[in-house]
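Structure record follows, encoded as structure tokens.
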Amino acid sequence: MQTHFTPEQLADPQVAESEKILRKCVHCGFCTATCPTYVTLGNELDSPRGRIYLIKDMLEGGRAADREIVTHIDRCLSCLSCMTTCPSGVNYMHLVDHARAHIEQTYRRPLADRMIRAVLAAVLPYPTRFRAALKLAKLGKPFAGLFERSAALKPLAAMLKLAPASVPRASSTAVPGVHRGTGVKRGRVAILTGCAQPVLDPGINDAAISLLNRLGVEVVAPPGEGCCGALVHHMGRENEALDFARRNVDAWMRQIDEGGLDAIVITASGCGTTIKDYGYMLRLDPAYADKAARVSALAKDVTEYLDMLDLPEPAVKPGTVVAYHSACSMQHGQKITRQPKALLAKAGFVVKEPREGHLCCGSAGTYNILQPEISTQLRDRKVKNITATGAALVATGNIGCITQIASAAKLPVVHTVELLDWAYGGARPKSVPEATLQ
């Protein structure tokens, strides 16, 4: 794609990087066939190619974002399916991240939108606040239907509908500490405690730590670590995202310096995509560029790390038919496609892949709150394809997908590592009934 940026514009390193990305696009349109919003809405401007044109026009003109640009960029899920499809290697992720930051700096959203986004940014990345908000949501649930009648308040209705009926007790694994392995020591890793996941489903990290410990791996939950920054990053709140990233880099570098780390294990694939990008996000910060790159190199999804170990024979071979939902952040963001399915199969599960596995379930961080109508269409399409497999349960590697799919599916939705922990001697996941055993 031909660009016409001035030398003054290219002096800005963010603009210069976006210009390089734009030049790689050859207008082929392969991305439109795999873009969930284009497949759903049929609007060229709601495809990656259409958004690239809008972003190019905005950045080249050096102008503030307008309502049209904001509408179509907001509809982007950042599922990154387009990057898997693109034959030219266009880094759409970094381009749309830049566009979102530009929107945040130059566009004044309507009051209700500003307030909802501010609440999300102030609550979701902080487990204590998030837990309190979920408990309060019980009082607001009866008003969800009322909020749905107003276009501006539909995100509030979506929030209330997604809130669980009960909030699990906090787990001790969310507290900083060291969880020592049994038998011969085979490694030492840090685990991302995170923000939303330990509130919504603390059993995921419990299962990961339990399994790793039985395999002889020491697991550290470092003090000072928290939200990866993805939630605010995808809302264009770049300074907040970078602050979260710096805090985590500091926490993990202390562990690297004190006892060394073989990996930073992540059980939420959405977080993994962001942490693996810390090196890029902090590349312009001389105090953090090298450290962030080192952290990104150590970051591994829990299934990536488990695949590196020599696993024993499973203690239990359930024989259960499992539909594996590959989260977008897993297959498109991190390019992890083989390991989760191979591990499940080795553990004795019968793995089935739903049709249209490349399409997003509609969760996408805060997307199912901010774009509830499109999100619901994508969720229902995903659930229909999962149900058609005839599986007894669903396995996936991202808490957002678990929450989204479980809101409509009639079968249990569990994290992949919970099933692996069960097969290798751990407890059966609470959401999996005994009747699913074959």
Side-chain angles (χ1 to χ4, degrees), residues 78-80 83 91 93-94 96-97 124-127 174 176 188-198 204-205 208-209 212 219-235 237-256 260-285 287-308 327-336 339-340 363-366 397-401 415-417:
S78 277
C79 71
L80 310 181
M83 288 181 61
N91 195 316
M93 177 174 78
H94 290 159
V96 80
D97 286 344
L124 290 183
Y126 305 94
R188 182 176 189 265
V189 303
I191 191 167
L192 173 72
T193 303
C195 51
Q197 181 175 281
I204 294 171
N205 271 2
I209 292 170
L212 288 168
V219 182
V220 182
E225 166 262 292
C227 175
C228 69
L231 290 167
V232 288
H233 181 54
H234 294 310
M235 287 195 283
R237 303 169 80 104
E238 200 58 17
N239 289 335
E240 294 173 48
L242 295 180
D243 285 343
F244 281 123
R246 291 186 187 100
R247 185 180 70 177
N248 285 340
V249 168
D250 285 339
W252 290 324
M253 285 303 299
R254 284 193 292 270
Q255 295 302 320
I256 292 169
L261 291 175
D262 300 310
I264 297 165
V265 169
I266 303 152
T267 54
S269 62
C271 301
T273 300
T274 297
I275 293 167
K276 288 181 177 182
D277 204 40
Y278 275 4
Y280 176 85
M281 291 168 64
L282 290 167
R283 72 195 186 286
L284 303 177
D285 186 335
Y288 280 87
D290 291 342
K291 293 186 290 186
R294 192 173 175 188
V295 161
S296 289
L298 282 173
K300 294 192 183 299
D301 183 77
V302 64
T303 57
E304 270 187 296
Y305 185 72
L306 288 170
D307 189 61
M308 295 167 59
C328 297
S329 45
M330 187 81 84
Q331 62 173 312
H332 304 309
Q334 299 184 57
K335 308 300 183 192
I336 299 171
Q339 296 93 324
S363 173
T366 58
N398 192 52
I399 185 62
C401 301
H415 195 288
T416 306
V417 80

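Just so it is clear, the model here is predicted, and its values are computed rather than measured.
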Inset, instruction - Carefully, step by step, assess Trp252 and Leu298 under the rule side chain to side chain contact (heavy atoms under 4.5 Å, CB included). - result: CA-CA 10 Å; Trp252 290 324; Leu298 282 173; over 6 Å; no

Inset, instruction - Would you please test Ile264 and Gln255 for side chain to side chain contact (heavy atoms under 4.5 Å, CB included) and show each step? - result: CA-CA 10 Å; Ile264 297 165; Gln255 295 302 320; over 6 Å; no

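Heavy-atom minimum distance, Tyr278 versus Val295: CD2-CG1, 4.2 Å. Considering all non-hydrogen atoms of both residues, Cys195 and Leu231 come closest at SG-CD1, 4.1 Å. When all heavy atoms of Ala230 and Gly270 are compared, the closest pair comes out as CB-O, 4.4 Å. Heavy-atom minimum distance, Thr303 versus Gln339: O-CB, 3.9 Å. The shortest non-hydrogen separation linking Cys228 to Asn248 is CA-ND2, 3.6 Å. When all heavy atoms of Ala241 and Gly229 are compared, the pair lying nearest together is CB-O, 3.7 Å.
The line from CZ of Arg188 to CG of Leu212 is 13.5 Å long, rounded to the nearest 0.5 Å. Expressed to the nearest 0.5 Å, how far CD of Gln197 lies from CG of Asn398 amounts to 8.0 Å. Interatomic distance, CE of Met253 versus CG of Leu261, reported as 9.5 Å (0.5 Å rounding). Separation of atoms CE (Met330) and CG (Leu80) is listed at 14.0 Å; rounding is to 0.5 Å.
Under the 4.5 Å side-chain criterion, counting only non-hydrogen atoms from C-beta, Val302 is not in contact with Ile191. Using a 4.5 Å heavy-atom threshold, the side chains of Thr267 and Thr416 count as separate. At a threshold of 4.5 Å between non-hydrogen side-chain atoms, the residues Val265 and Val219 do not count as touching. Residues Glu304 and Gln334 meet the side-chain proximity criterion, which asks for heavy atoms closer than 4.5 Å. Under the 4.5 Å side-chain criterion, counting only non-hydrogen atoms from C-beta, His94 is in contact with Asp277. You'll find the side chain of Val96 reaches within 4.5 Å of the side chain of Ser78, heavy atoms only. In this structure, the side chains of Cys401 and His415 stay at 4.5 Å or more apart for every pair of heavy atoms. With contacts defined as side-chain heavy-atom distances shorter than 4.5 Å, the pair Ile266/Lys300 does not qualify.
Within a 6.0 Å sphere centred on CG of Asp243, heavy atoms belonging to other residues, nucleotides or ligands number more than 12. Other residues, nucleotides and ligands contribute at most 12 non-hydrogen atoms within 6.0 Å of the CZ atom of Arg294.
For Tyr288, the side-chain contact (heavy atoms from CB on, under 4.5 Å) criterion is met by Arg246, Val249, Asp250, Leu282, Asp285, Lys291, not counting sequence neighbours. Annotation: salt bridge (Lys or Arg N to Asp or Glu O under 4.0 Å) contacts of Asp262 (sequence neighbours excluded): none. For Leu284, the side-chain contact (heavy atoms from CB on, under 4.5 Å) partners are Pro13, Gln14, not counting sequence neighbours.
With hydrogens and angles disregarded, a donor-acceptor distance shorter than 3.5 Å links the side chain of Thr273 to the backbone of Ser329. Judged by distance alone, with hydrogens and angles left aside, the side-chain atoms of Glu225 form a donor-acceptor pair with the main-chain N or O of Gly194 at under 3.5 Å. Using modelled atom types, no side-chain atom of His234 and backbone atom of Gly365 make a donor-acceptor pair closer than 3.5 Å. Side-chain N or O atoms of Asn205 include one that pairs as donor or acceptor with a backbone N or O of Leu192 at under 3.5 Å.
Arg247 forms no cation-pi arrangement with Phe244, by the criterion of a distance under 6.0 Å to the ring centre and an angle within 45° of the ring axis.
No donor-acceptor contact under 3.5 angstrom links the side chains of Ser269 and Asp301, judged on distance only.
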